[in-house]
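Please read the structure below before turning to the comments.
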Amino acid sequence: MSALALGLVAALCWGFHDICVRFLSQKTSISACIFIVILTGLVFHTLSTLGTGTFQGLPRKAIYLSIGAGACFVIATFGLYHAFERGPVRLVAPLIAGYPILSVSWFALQGNAVSALQWLAVLAIVGGVSCVAALSDTSNEKTPAIGPTIVYALIAAAGFAGTFAFGQSAASISHEMPSTLVTRVTALLLVVGLLILFKLPFWPGRKALPWLIAMGIADGIALMCVLSAGTLENAKYAAVSSSLFGMLTVVLAWMFLKERMTLAQWAGCAVAFTGVGFLAL
């Protein structure tokens, strides 16, 4: 599969993950949700690594990069959850959806060529996703001060960009399966440490558990897809196309929850997929 296709698979998985959050976030502790999802992702990836016979030693540099990716992933996850908890979506979604701009900027700073048309396609994808996600927020409720919310959202965006930069670099100099496994182990250890430090709950309740396990498997597939793209040409496109998850969440809600989509949102979808189509050429 191409890096672009792997990113699209990741976007679909993360879209499923996010639509499940809509059901669970009102009744379940955020900390417990994050713990179960990351734990399940680790179990899934461990079994996948053993099943494919790709468990092997890593160069020291790949280990350090994978640990960095795991730390960034935890930062991104907590930033995302807390940003959306504060809201509003129309403010948070466009900021988080901008992480491909950071990913491509980092790629360019490494001395790689990015054409003006490729930049335009990336901006079209980010703009389309932001439009669809932001317009899905019809709430008129009062929200907390926007300053901290913006900070959380930007932290999430930077965390995702860092996750993909470190993780793909590790995969490019080693095997993607064991390097992603190190990322997963790092993420779980950090989450457990934070939950113990701040005395946050681990257990989400029996009713939420099956959904969280499904979310963890989807998250495991998504992260593995994006980081595995590090061994492919144009690895940056995996991070770009994975940002469609915010838009796909809204589309899935339209399909399965019968939520309304406006003409402007459909236009945003068209713009985003036009950008993806251009990058696929």
Side-chain angles (χ1 to χ4, degrees), residues 1-15 18 72 76 79-80 83 89-137 150 153-169 172 222 225-252 254 261-281:
M1 295 180 72
S2 68
L4 197 67
L6 286 172
L8 290 173
V9 172
L12 186 60
C13 290
W14 275 323
D18 284 3
C72 287
L80 181 145
V89 172
R90 59 181 172 272
L91 170 67
V92 171
L95 292 174
I96 296 179
Y99 71 78
I101 298 175
L102 298 176
S103 295
V104 177
S105 297
W106 175 248
F107 181 80
L109 287 173
Q110 290 178 307
N112 300 293
V114 181
S115 71
L117 288 177
Q118 288 174 322
W119 272 116
L120 185 61
V122 170
L123 293 175
I125 293 169
V126 172
V129 171
S130 299
C131 174
V132 175
L135 290 176
S136 68
D137 183 8
I150 291 173
L154 292 177
I155 287 173
F160 282 123
T163 299
F164 303 147
F166 286 129
Q168 289 181 349
S169 295
S172 69
C225 283
V226 178
L227 299 192
S228 296
T231 60
L232 303 176
E233 186 180 3
N234 292 320
K236 62 185 180 297
Y237 290 164
V240 174
S241 56
S242 70
S243 70
L244 292 172
F245 73 86
M247 184 181 75
L248 291 179
T249 301
V250 179
V251 174
L252 288 171
W254 168 75
M261 279 190 66
T262 66
L263 182 60
Q265 286 176 303
W266 284 118
C269 289
V271 170
F273 278 112
T274 298
V276 171
F278 176 81
L279 293 179
L281 294 178

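Sequence positions, counted from 1, serve as the residue numbers for this chain.
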**Item:** Flag, side chain of S243 to backbone of V240, donor-acceptor distance under 3.5 Å
**Value:** yes
**Request:** With rounding to the nearest 0.5 Å, note down the distance linking SG in C13 to CG in D18.
**Result:** 11.5 Å
**Request:** First locate atom CD of Q118, then atom NZ of K236, and finally report the distance between them rounded to the nearest 0.5 Å.
**Result:** 5.5 Å
**Fill in**
Taking every heavy atom of A229 against every heavy atom of A235, the minimum-distance pair comes out as O-CB, 3.2 Å
**Request:** With rounding to the nearest 0.5 Å, note down the distance linking OG in S172 to CG in L232.
**Result:** 11.0 Å
**Straight-line distance of S242 OG to L6 CG, nearest 0.5 Å** = 10.5 Å
**Request:** Measure from the side-chain N and O atoms of Q168 to the backbone N and O of V226, and report whether any donor-acceptor pair falls under 3.5 Å.
**Result:** yes
**Asked** Got a sec, which pairs hit ring pair (Phe, Tyr, Trp, His ring centres under 6.0 Å) with one end in residues 92-133, sequence neighbours left out?
**Response** Y99-F160, Y99-F164
**Message:** With a 4.5 Å cut-off on side-chain heavy atoms, are V251 and C269 touching?
**Reply:** yes
**Request:** Provide the closest heavy-atom pair for G159 versus A76 in the form atom of the first, atom of the second, distance.
**Result:** C-CB, 3.6 Å
**Item:** Euclidean distance, L279 CG relative to L117 CG, rounded to 0.5 Å
**Value:** 10.0 Å
**Item:** Donor-acceptor contact below 3.5 Å, side chain Q265 vs main chain V132
**Value:** yes
**Request:** Work out which heavy atom in G275 is nearest to a heavy atom in A121; give both atom names and the distance.
**Result:** O-CB, 3.7 Å
**Prompt:** Side chains of L4 and N234: closer than 4.5 Å at any heavy-atom pair?
**Reply:** no
**Fill in**
All heavy atoms of A264 vs all of C131, minimum pair found to be O-SG, 3.7 Å
**Asked** Side chains of F273 and L244: does their closest heavy-atom pair fall under 4.5 Å?
**Response** yes
**Prompt:** Taking all non-hydrogen atoms of both residues, which atom of I96 and which atom of A153 are closest, and how far apart?
**Reply:** CG1-O, 3.6 Å
**Fill in**
The single option from V129, I125, L252 that satisfies side-chain contact (heavy atoms from CB on, under 4.5 Å) with M247 is V129
**Asked** Shortest non-hydrogen contact from S241 to A11?
**Response** O-CB, 3.6 Å
**Crowding at CD, E233 (>12 non-hydrogen neighbours, <6.0 Å)** = no
